[in-house]
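The structure appears right after this line, and notes come after that.
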Amino acid sequence: MSYQQYLLEWFDKNKRQMPWRERRDAYSIWVSEVMLQQTQVDTVRPYYERFMERFPTVKDLASADKEEVYTYWQGLGYYRRADNLHKGAKVVAEQYDGVFPMEARLVKDIPGIGPYTMGAVLSIAFNLPYPAVDGNVMRVLSRQFLIDDDIAVAKTRKIFEAKVMSLMPEDARNFNQALMELGALICTPKNPKCNICPMQTLCMAYHEGAQTEYPVKSSKTKAEPEFYKALVIKKEDSIYLEKRKDEGLLASLWGVPLITLEQWEVVQKMGIEFEVLDQVKHVFTHRVWMMSPIVIEYNEKVQEIINRILQNTGEFVPEGQIKEYPVATAFTKILRKL
DNA sequence: AATCCGGGGGT
DNA sequence: ACCCCAGGATT
């Protein structure tokens, strides 16, 4: 049997069940692929179910408010994905009457669809022979064929795309998924399960005893912590939430106001009463927030702080209604402490 | 080519 | 503490 046949047979017997594998229309695959960007399957699963129940077709999504789409994305991270998916849905609904195009030159201009997602949707939904190279595929193929290009370098993806195309069988739909599934279940980053790997006898890294040396990936420097005060302004049963700016970190999401230590010096001189809670740590990919919650009861002086210090527009939200706002997890952590 | 953009899971 | 995850857009 050929390399491809071994892999396809293993996939047929061992693939996991997933909600998006019950469906084959391009919209359903598209939504799943966007949610799965840099996000593990088990994290996506509940979000996908809720999202597809609320937005079952591309036209349902296209006609929805951005704020509601964000609410369904709340907690999943990389919120620009939600914005771009929403914009992409409008493009497909308006330019293609809701029918997802089958040509690469059209697909690649849909917002939020890059090289990986294009290949994934075209192959999985339509069984077209396009590569879908993600982190799994680069790891699997780097070991199988001893490819030592640095996968942290952007152009390396093209090398793996060429490799996938040199191997591509007629069953593109299952071949691409099989490569990813092998990477997720067997050919894992740490402690790969070579002893039960269906590709063991064909794996060059295994023969060299060099599985752990692949893929080659340069490392990045770690982030320095940033220190803030998180203002929790209470007015009866309501808490002051602001909508963040429409660009940058956690863009357009809601949360309690964060102020720098310099701004905090100014606030303190205004003579207000407050209570300090335990510091909350929130880690992003490229930075770390250390937030000290400051609990303040609303009064006229506090209104002056809101007017003079806070940049974003906000409102007092009754505690029972906070769940209707797309609040980033960094701020949910603070609200949970109250 | 490098940087920005979340949050959670595994070791 | 560190790495990884079915990456894409922007600069």
Side-chain angles (χ1 to χ4, degrees), chain A residues 11 15-16 18 20-21 29-48 70 73-85 87-88 107-125 130-140 150-158 160-161 164 173 175-185 187-192 212 215 217-223 225 244-253 255 281-289 326-333:
Chain A
F11 179 63
K15 64 185 173 190
R16 293 169 289 179
M18 301 176 190
W20 45 93
R21 285 186 174 157
I29 303 301
W30 175 21
V31 172
S32 74
E33 292 299 342
V34 172
M35 287 189 172
L36 286 162
Q37 289 166 10
Q38 297 297 100
T39 310
Q40 298 191 149
V41 167
D42 287 336
T43 302
V44 167
R45 207 182 290 270
Y47 282 89
Y48 183 80
Y70 263 56
W73 210 271
Q74 186 277 324
L76 196 55
Y78 283 151
Y79 298 92
R80 201 167 357 183
R81 291 184 295 176
D83 190 25
N84 283 329
L85 179 60
K87 289 176 180 168
V107 175
K108 73 176 176 54
D109 287 333
I110 297 173
I113 297 188
Y116 165 76
T117 303
M118 181 181 82
V121 176
L122 289 178
S123 64
I124 296 173
Y130 288 89
V133 173
D134 69 339
N136 285 308
V137 173
M138 290 197 283
R139 186 174 59 256
V140 168
D150 184 353
I151 67 167
V153 176
K155 68 180 180 184
T156 299
R157 193 195 69 251
K158 296 180 187 296
F160 286 95
E161 286 176 345
V164 170
R173 165 179 294 136
F175 186 65
N176 280 341
Q177 292 184 82
L179 285 171
M180 293 188 274
E181 195 81 336
L182 189 74
L185 298 181
C187 198
T188 48
K190 295 176 181 174
N191 307 319
T212 59
K217 183 176 186 181
S218 56
S219 57
K220 293 172 183 169
T221 58
K222 70 170 194 291
R244 295 173 59 80
K245 292 191 290 288
D246 61 5
E247 59 184 20
L249 193 57
L250 302 176
S252 302
L253 272 76
K281 179 181 183 180
H282 188 75
V283 179
F284 299 96
T285 301
H286 57 301
R287 69 188 71 179
V288 179
W289 281 358
V327 176
T329 299
F331 306 111
T332 305
K333 284 181 183 175

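The chains referred to below are lettered A, B, ... by the order of the sequence lines, with proteins before strands, and numbering in each begins at 1.
For the OP1/OP2 pair of B:dC5 and a distance below 4.0 Å, the side-chain nitrogens and oxygens of A:R287 include at least one atom meeting the criterion. For the OP1/OP2 pair of C:dG8 and a distance below 4.0 Å, the side-chain nitrogens and oxygens of A:T117 include at least one atom meeting the criterion.
Between A:L76 and A:T43 the shortest heavy-atom distance is CD1-CG2, 4.1 Å.
Which of C:dG7, C:dA6, B:dA1 sits closest to the side chain of A:Q38 comes down to C:dG7. Residue A:H286 places its side chain closer to B:dC4 than to any other of B:dC4, B:dG7, C:dA6. Of the candidates C:dA6, B:dG6, B:dG7, the closest approach to any side-chain atom of A:H282 belongs to B:dG7. Of all nucleotides listed (B:dG7, B:dC5, C:dA6), C:dA6 comes nearest to the side chain of A:E33. The side chain of A:R80 sits closest to C:dG8 out of C:dG8, C:dC3, C:dG7. The side chain of A:K190 approaches C:dC3 more closely than any other nucleotide in the set C:dG7, B:dC4, C:dC3. Comparing B:dT11, C:dA6, C:dC4 by their closest approach to the side chain of A:N191 singles out B:dT11.
Listed for the A:R244 side chain is no donor-acceptor partner under 3.5 Å among the backbone atoms of A:G255.
If you check distances only, the side chain of A:T39 never reaches the base of B:dG8 with a donor-acceptor pair under 3.5 Å. Between the base of B:dG6 and the side chain of A:Y78 there is a donor-acceptor pair shorter than 3.5 Å. Residue A:T43 places no side-chain atom within donor-acceptor reach of the base of B:dG8, judged by atom type and a 3.5 Å distance cut-off alone.
Heavy atoms from other residues, nucleotides or ligands lying under 6.0 Å from NZ of A:K15 number more than 12.
Within the nucleic acid shown, A:N84 comes within 4.0 Å of sugar-phosphate atoms alone, with no base atom in reach, counting heavy atoms only.
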